[in-house]
A.B. asks: 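Mind having a look at this structure? Questions to follow.
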Amino acid sequence: METWIPWLTALIPLPPLAAAAAILFLHPCRRPAAALALAGQALSLLGALAVFGGALAAGGTEGGPVRGLLTFTWFTHGDTALPLGVAADPLGASMLLMITFVGLLIFIHSIGYMREDPRFARFFCFLSLFSGAMLGVVAANSLLLLFICWELVGLASYLLIGFWFQKPSAAAAARKAFLTTRVGDLGLFLGLLWIYKETGTLLFYDGGHGLLEQSALTSLAGQTVAGGMALSTAVSLLLFCGAVGKSGQFPLHIWLPDAMEGPTPVSALIHAATMVAAGVYLVARVFPLFAAGAGGDGVTTALTVVAWTGAVTALFGAVVAVAQNDIKRILAYSTVSQLGFMMLALGAGGVAAGIFHLLAHAFFKALLFLGAGSVIHGCGHEQDIRKMGGLRKTMPVTFILYGIGMMALAGFPFLFSGFWSKEAILVEAFAWPVSRIPFLLALAAAVLTAFYMTRQMIYVFLGTWRGKDRPHESPRVMTLPLVPLAAGAVLLGFLATPAWPWFAGFLAGEAVAFSPGALFTGKSLAFMALSILVAATGVAAGWLVYARSPASTAEDPLQTRFPAAHRAVSRRLLVDEFYERTVLRLQSAGENGCARLDGVLRRVTDGAGAVLSRGLGGLAGLLDRSVLNSGFDTVCQFLRAGTAWLSSLHQGRAQNYLRFVGIGMVVLLLFYAWLQS
């Protein structure tokens with residue numbers, strides 16, 4: 001790989017960060033702020049294109065993934081230097097290109113969506129800060145640098161989720177997101193400290209001495225901790241805690257749906273394409289650590305935990321999405337579910353399948369979120385799908401583009417990237433030697449995905465209008481960015497078909513030939529048929545349940561037929577209530593206990609302090625009266641007596657003065673005589 005590529009990789013996060021800093025000084029100026037944000041993101045996109053092109057060119061010249069490294073010393077303490085670094089490789093190059101391209105389209109869409117907002121410039125400042133931090137996460141070749149940028153991402157997401165802080169719900173959602181992800185980040189930080197203690201480095205790759213290279217991996221896998229667990233497994237599970245928090249995995253998923261209180265472009269950028277994908281990227285980046293010590297089947301305890309967590313999250317998110325009525329919350333729980341699919345693929349050993357689904361999901365979910373923003377804008381900021389309907393006529397452009405995103409997410413066959421990415425994940429889950437249950441959970445989640453997206457399309461675009469204000473199509477500045485996203489949702493799938501698994505070869509640094517015959521093997525035909533059956537089942541069930549309901553009403557047939565189950569699902573399967581009655585009550589009890597203990601200690605210390613103060617005050621008074629006052633009075637009396645005697649000598653009588661002079665002369669003569677003798 002060319003030496004300039006790592007240097008350029010290090011520069012990619014800087015334009016958005018510089019734009020964010022510059023916008024701080026242009027806070028009241030709307031157009032310059034938007035122009036700076038777009039320029040910074042566009043410069044990063046150009047850099048990402050160059051890095052991707054360099055990685056693509058280098059991939060065919062060497063065996064295995066080609067990696068360019070740039071390392072520099074952050075600071076030195078005594079004889080110990082703490083280096084940081086960036087890495088340019090196929091995984092990072094793919095992520096950089098996705099983040100900058102999708103981010104730029106979201107920036108453009110935001111100009112129209114936030115046009116009337118009084119804090120327009122501040123919004124673009126926060127967007128640029130987030131983009132620069134996320135690019136830093138991807139470019140990092142150091143776990144420490146990744147963690148620094150990781151926390152900046154958390155800060156920026158807090159600012160963006162709570163952007164409309166005048167709404168109590170938005171402020172609460174921002175706090176919830178920040179605190180929940182901090183729980184996971186604590187595990188990530190502990191894992192960082194532990195692995196540094198054991199390996200003496202935080203660089204991923206360092207000429208054979210990095211923590212993801214063979215010597216460190218062998219050492220970590222060969223050591224055990226309490227319970228006989230390998231040290232590599234223990235550290236991996238701590239790092240996975242951070243991924244669970246950022247990627248909204250069960251049970252730390254509770255922040256992500258509430259984060260929809262932020263502006264819709266925030267949902268598209270943070271909760272579809274970038275931030276929530278950071279956890280998946282982290283697991284993929286440190287995958288050698290998760291897989292350290294694996295046998296011939298490639299199974300480790302850490303990867304098993306990842307796979308089961310992903311499978312449960314995929315089904316959980318899909319089930320809850322079925323009964324949601326807020327258009328953005330449906331997509332939020334869909335994101336939770338799709339992130340579970342990605343984790344399942346990584347846990348089963350399919351890094352290429354998981355990352356490809358991440359990239360494909362970024363395109364079609366950003367398309368859906370921005371499409372939802374167009375719907376909300378055209379419907380007078382209405383978000384309840386029960387108060388919509390018939391928008392295919394009044395918003396035809398949004399309808400077509402949103403439909404493409406829906407079909408990609410639901411896994412419509414052959415033409416859409418979601419079909420091929422989900423099929424690859426199902427293949428990996430089916431081949432996982434530990435259990436077939438995650439595969440079955442993924443199948444159920446895929447069926448429900450097609451079901452709830454069909455439900456949403458019927459409620460929003462079919463039937464008749466059920467709202468108050470007359471809907472209208474959004475301006476071009478909001479709809480045009482959807483076109484490249486729709487194109488990506490379609491075209492990206494052709495890079496990961498069985499006939500041409502180009503993306504998997506790109507990540508592995510291997511040349512892959514186009515082989516149409518691979519589509520017609522028994523395994524490929526079986527899984528393609530299964531994927532088609534899954535999508536068809538979900539769409540057909542959604543059509544049968546909702547297309548027959550009266551077009552003039554917004555009643556949910558499932559709610560009528562299964563009221564208790566529907567109520568539980570609509571309330572998120574009571575997970576939030578469970579936390580309130582357990583974790584929050586325990587926390588509240590702890591706070592009350594600490595308050596009572598503090599009160600007791602205050603009374604004890606205040607009483608003891610009062611007694612001590614009175615004792616010291618009495619002693620001080622005694623010393624003042626007995627020692628200081630009497631001593632001072634004695635000195636004063638002595639001085640008065642001395643001055644009275646001296647005063648008596650000055651009476652104005654000349655004979656007395658002569659007497660003293662005579663006495664003095666006699667004394668002097670006697671002294672002189674004594675000296676002579």
Side-chain angles (χ1 to χ4, degrees), residues 16 19-20 22-42 45 101-131 156-157 159-167 169-170 174 259-274 326-328 331 366-384 388 391 394-399 401-402 460 467-486:
I23 293 173
L24 289 175
F25 299 97
L26 299 173
H27 178 62
C29 305
R30 300 167 65 88
R31 290 187 177 181
L36 278 173
L38 290 177
Q41 193 71 6
L45 174 59
F101 180 68
V102 175
L104 180 60
L105 297 176
I106 294 172
F107 277 40
I108 296 172
H109 178 90
S110 301
I111 295 175
Y113 191 88
M114 301 296 292
R115 177 175 296 168
E116 304 300 327
D117 197 283
R119 294 189 293 273
F120 181 88
R122 180 182 298 179
F123 181 77
F124 278 93
C125 173
F126 294 163
L127 279 185
S128 296
L129 173 63
F130 174 84
S131 179
S157 67
L159 296 173
L160 288 168
I161 294 169
F163 183 75
W164 289 326
F165 55 84
Q166 67 275 13
K167 296 169 54 181
S169 57
M260 297 301 107
E261 292 291 340
T264 302
V266 173
S267 303
L269 180 64
I270 294 181
H271 309 114
T274 52
D326 186 303
I327 187 172
K328 289 171 63 177
L331 297 178
L367 171 61
L368 288 170
F369 267 113
L370 294 186
S374 179
V375 169
I376 294 168
H377 182 271
C379 296
H381 296 281
E382 179 60 65
Q383 295 185 200
D384 193 333
M388 300 177 185
L391 295 183
T394 54
M395 304 182 70
V397 176
T398 301
F399 168 63
L401 296 171
Y402 198 92
V460 175
K468 296 180 180 179
D469 301 327
R470 183 177 178 82
H472 58 84
E473 184 62 271
S474 298
R476 289 185 178 180
V477 71
M478 295 179 65
T479 56
L480 284 180
L482 306 186
V483 176
L485 293 174

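If you read the sequence from its start, that first residue is 1, and numbering goes on from there. Heavy-atom basis, side chains included; hydrogens, waters and symmetry copies ignored.
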A.B. asks: Would you call Phe123 and Pro265 a side-chain contact if the rule is heavy atoms closer than 4.5 Å?
C.D. replies: yes
A.B. asks: Should Arg119 and Phe165 count as side-chain neighbours, where that means a heavy-atom distance under 4.5 Å?
C.D. replies: yes
A.B. asks: Could you go through the side-chain contact (heavy atoms from CB on, under 4.5 Å) check for Ile327 and Val460 one step at a time?
C.D. replies: CA-CA 9 Å; Ile327 187 172; Val460 175; 4.3 Å; yes
A.B. asks: Atom CG of Leu159 and atom CZ of Phe126: how far apart are they, to the nearest 0.5 Å?
C.D. replies: 4.5 Å
A.B. asks: Got Met114 and Phe163 here, is their nearest side-chain heavy-atom distance under 4.5 Å?
C.D. replies: yes
A.B. asks: Taking the cut-offs as 6.0 angstrom to the six-membered ring centre and 45 degrees off its axis, would you call Arg115 and Phe120 a cation-pi pair?
C.D. replies: no
A.B. asks: Between the side chain of Lys328 and the main-chain N/O of Gly262, is any donor-acceptor distance below 3.5 Å?
C.D. replies: yes
A.B. asks: Hey, does the side chain of Ser474 reach the backbone of Ser374 with a donor-acceptor pair shorter than 3.5 angstrom?
C.D. replies: yes
A.B. asks: For a quick test of reading the model, state the closest non-hydrogen atom pair linking Pro484 to Leu105 and the distance between them.
C.D. replies: CB-CD1, 3.8 Å
A.B. asks: Quick check: does any side chain N or O of Arg470 sit under 3.5 Å from a backbone N or O of Cys379, one acting as donor and the other as acceptor?
C.D. replies: no
A.B. asks: Does a sphere of radius 6.0 Å around CD in Gln166 hold more than 12 heavy atoms from other residues, nucleotides or ligands, not counting ones at 6.0 Å or beyond?
C.D. replies: yes
A.B. asks: Can you sort out the partners of Val483 under side chain to side chain contact (heavy atoms under 4.5 Å, CB included), two or more places apart, ordered by chain and number?
C.D. replies: Leu401
A.B. asks: Go through the structure and list residues passing ring-ring contact (aromatic ring centres under 6.0 Å, His included) with Phe107, not counting sequence neighbours.
C.D. replies: none
A.B. asks: Verify, without hydrogens or angle tests, whether His109 (side chain) and Pro481 (backbone) share a donor-acceptor contact under 3.5 angstrom.
C.D. replies: no
A.B. asks: Could you tell me if the side chain of Leu367 sits less than 4.5 Å from the side chain of Tyr402, heavy atoms only?
C.D. replies: no
A.B. asks: Starting at CD1 of Ile108, measure out to CG of Leu370 and round the result to the nearest 0.5 Å.
C.D. replies: 10.5 Å
A.B. asks: Can you find a heavy atom in the side chain of Leu127 that is under 4.5 Å from one in the side chain of Phe130?
C.D. replies: no
A.B. asks: Looking at Ala37 and Ser128, what are the two nearest heavy atoms and their distance?
C.D. replies: CB-OG, 3.4 Å
A.B. asks: Quick one: NE2 on His381 to CD1 on Ile376, what's the gap to the nearest 0.5 Å?
C.D. replies: 9.0 Å
A.B. asks: If you take all heavy atoms of Glu261 and Ala170, which pair is closest and at what distance?
C.D. replies: CB-CA, 3.7 Å
A.B. asks: In Å and rounded to the nearest 0.5 Å, what is the OG1 to CD1 distance from Thr264 to Ile106?
C.D. replies: 11.0 Å
A.B. asks: Specify the closest pair of heavy atoms between Leu104 and Ala42, including all atoms of both residues, with the distance to one decimal.
C.D. replies: CD1-N, 4.2 Å
A.B. asks: Please examine the side chains of Val477 and Tyr113, heavy atoms only from C-beta on, and report whether any two atoms are closer than 4.5 Å.
C.D. replies: no
A.B. asks: Where do Gln41 and Ser131 come nearest, in terms of heavy atoms and distance?
C.D. replies: OE1-OG, 2.7 Å
A.B. asks: Using side-chain contact (heavy atoms from CB on, under 4.5 Å), reason through Leu269 and Phe369 one step at a time and then give a plain yes or no.
C.D. replies: CA-CA 9 Å; Leu269 180 64; Phe369 267 113; over 6 Å; no
A.B. asks: Between Glu473 and Thr394, is the side chain to side chain donor-acceptor pair (under 3.5 Å) condition met? List the steps.
C.D. replies: CA-CA 6 Å; Glu473 184 62 271; Thr394 54; over 6 Å; no
A.B. asks: Test of understanding: with ring-ring contact (aromatic ring centres under 6.0 Å, His included), list the residues that count as partners of Phe399, not counting sequence neighbours.
C.D. replies: Phe461
A.B. asks: Which heavy atom of Gly373 sits nearest to which heavy atom of Met478, and what is that distance?
C.D. replies: O-CE, 4.0 Å
A.B. asks: Do His377 and His472 have side chains that approach each other closer than 4.5 Å (heavy atoms only, starting at C-beta)?
C.D. replies: yes
A.B. asks: Drop me the distance from Leu482's CG to Thr398's OG1, to the nearest 0.5 angstrom.
C.D. replies: 6.5 Å
